[in-house]
Every structure is written in C-alpha cells, then in structure tokens.
Amino acid sequence: MANNESLVALNGTQISYIGHDCKEIPEFLGETYGQFARRLDLSFNQLRSLAGLKMFTELEELIVDNNLLGNDLQLPRLPNLHTLTLNKNHLTDIEALLEHLADVTPSLEYLSLLGNEACPNQLVSPDKDEDDYQRYRYFVLYKLPQLKFLDTRKVTKREVMEAQERGAFMKVVKPKPEASLNEAGSEGHPLPYSPLPQGSRDPMTHKGKDPTVIQK
C-alpha cells in the first residue's frame, strides 16, 4: 500500500491514485489532500465503497471508472461536484442511483455511466437499440435536469423538453438478476469510449503505479 512519502505533491489540486487494486480509498489521501483537492481520479482499482470521500469536501471532479461499485453506492454530500464518471462498474439500478445523486450532488453537470448495465448503450448491451438508449437519456434528464453532458453526448434543448414532458414514463427496466457483466467488456478488452469532453479529462494514462498530484 502506498504511503505519504510515495505521493508526489506539487501544491496542486488534482490527485490521481490509479491502478493500485485498492478496495477502499486510503485514509492518507483524505487526511492529506481532502481539504483542497478539486479533482480525484481513482480509476482502475477494486473499489466497492466510496466512504473515504467524506474528507474531500471541496471536490469538483470525481473519476472512478473501472471499479467494482454496485447499487449500494453511497456518496457523501459534495456540493461543488460538477463532473462524475462511473464508467464500467456494476451499477444496475438507475433510479436509485439518480435519486441519490440528485440528493448529494446538486451541482452535477457532467455524468457518464457507460459500461454499466444501468446504461443500455449498444456498446455494452447488444440486445439494446438506440430507442432504448434514448429512453434512458430522457429518464436520466428527468431526474437530473441540470445535466449538460451525459455519457458520450451533449444534452440538447430538445432532450430537456422531452424529459420534462415524458421522462417520468421512461424508466428503464432493470436487467435480469445475475446478468453477465462480461457484456460491459472484460479487463482485457476495455471499451472504446471517451465519455467526457476533452477539456474535462486529463491526458495521463489510466494505468499507473505511483499516485501523483498534478498542478492545475
């Protein structure tokens, strides 16, 4: 497990702790950087809980792609969080997730859920079509009307209007229990997507051995 000495600090506000196979957020990250961190990337770990985020009170961007987060996901209240990517986790209950996000992330504008069964995208669910995905988008926007970007697409004014009028009736049916997660792509075959605008992603690789803090 990494310790304080292994973290390279540059008086920045962006923290990357990628590819360490950790099952929970290390305490030292929050104790040392929680008060001023604005962006936190925890991709390619084995996280099943994000309880350690309670110390990251000023967080604006959270990247937790390629982890093991499920329907019991609980976030602390993050009033400044505007970007959240949960790609390729184990989320299946879209309604519960959206209601939770509406409660704890009031400033959320960018959300990506690709690679989860809760998101009926054709890349991960060959049995779904564009109509299924569009209904999902209406339902998400009905629950989170402030979103500006969802998965791979910018939210349009027409979608917002449709979501207000019909979104409540677009609830996506939950997948069958024990459905195979292999459709979301195995570890050896990552999905070919870049969900958020270039400006909201950093150019670093998603694999790494040393956590770093990057100056903004």
Shortest non-hydrogen separation from [X] to [Y] and the atoms involved:
| X | Y | answer |
| --- | --- | --- |
| T57 | P79 | O-CD, 4.4 Å |
| Q35 | R38 | O-NH1, 4.1 Å |
| R137 | V155 | NH2-CA, 4.0 Å |
| E162 | Y138 | CB-CE2, 3.4 Å |
| L68 | N89 | N-OD1, 3.3 Å |

Quiz item: Does Q146 CD have over 12 foreign heavy atoms under 6.0 Å away?
Solution: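 Yes, enclosed.
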Ignoring hydrogens and geometry, is there a side-chain-to-backbone donor-acceptor pair from [X] to [Y] under 3.5 Å?
| X | Y | answer |
| --- | --- | --- |
| N45 | N67 | no |
| T156 | E159 | yes |
| D93 | A96 | yes |

Within the 3.5 Å criterion, strictly below it, is a donor on [X] or [Y] matched to an acceptor on the partner's side chain?
| X | Y | value |
| --- | --- | --- |
| T92 | N71 | yes |
| Q14 | E61 | no |
| D41 | S16 | no |

Linking I/L/V/M/F/W/Y whenever their side-chain heavy atoms sit closer than 4.5 Å, directly or via other members, would [X] and [Y] fall into one cluster?
| X | Y | value |
| --- | --- | --- |
| L111 | V160 | yes |
| L59 | M55 | no |
| F28 | I25 | yes |

Interatomic distance, [X] atom [atom1] to [Y] atom [atom2] [nearest 0.5 angstrom]:
| X | Y | atom1 | atom2 | answer |
| --- | --- | --- | --- | --- |
| S107 | L78 | OG | CG | 10.0 Å |
| T85 | L113 | OG1 | CG | 9.0 Å |
| L69 | K88 | CG | NZ | 13.5 Å |
| F56 | L50 | CZ | CG | 11.0 Å |
| K148 | T83 | NZ | OG1 | 10.5 Å |
| E27 | T32 | CD | OG1 | 10.5 Å |

Practice problem: Could you tell me whether E99 and K143 make a salt bridge, using a distance below 4.0 angstrom between a side-chain N and a carboxylate O? | Solution: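 Looking at K143 together with E99, the answer is yes, because their closest N to O distance falls below 4.0 Å.
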Quiz item: Does a side-chain N-to-carboxylate-O contact under 4.0 Å join R39 and E60?
Solution: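 Between E60 and R39 there is no salt bridge, as every charged N stays at least 4.0 Å from the carboxylate O atoms.
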Tell me, do [X] and [Y] make a side-chain contact under 4.5 Å, heavy atoms counted?
| X | Y | value |
| --- | --- | --- |
| L98 | F139 | yes |
| K54 | R77 | no |
| Y17 | L29 | yes |
| L144 | L150 | no |
| L47 | C22 | yes |

Quiz prompt | Criterion side-chain contact (heavy atoms from CB on, under 4.5 Å) against D65, the qualifying member of N87, L114, L86, I18 | solution =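 It is N87; the other options fail the test.
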Self-check item: Plane angle bin for F36 and Y33 - parallel if under 30°, tilted between 30 and 60°, otherwise perpendicular
Solution: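 Because their plane-to-plane angle is over 60°, the rings of Y33 and F36 count as perpendicular.
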Self-check item: Evaluation steps, ring-ring contact (aromatic ring centres under 6.0 Å, His included), between Y133 and Y136
Solution: CA-CA 5 Å; Y133 181 68; Y136 148 87; 5.3 Å; yes
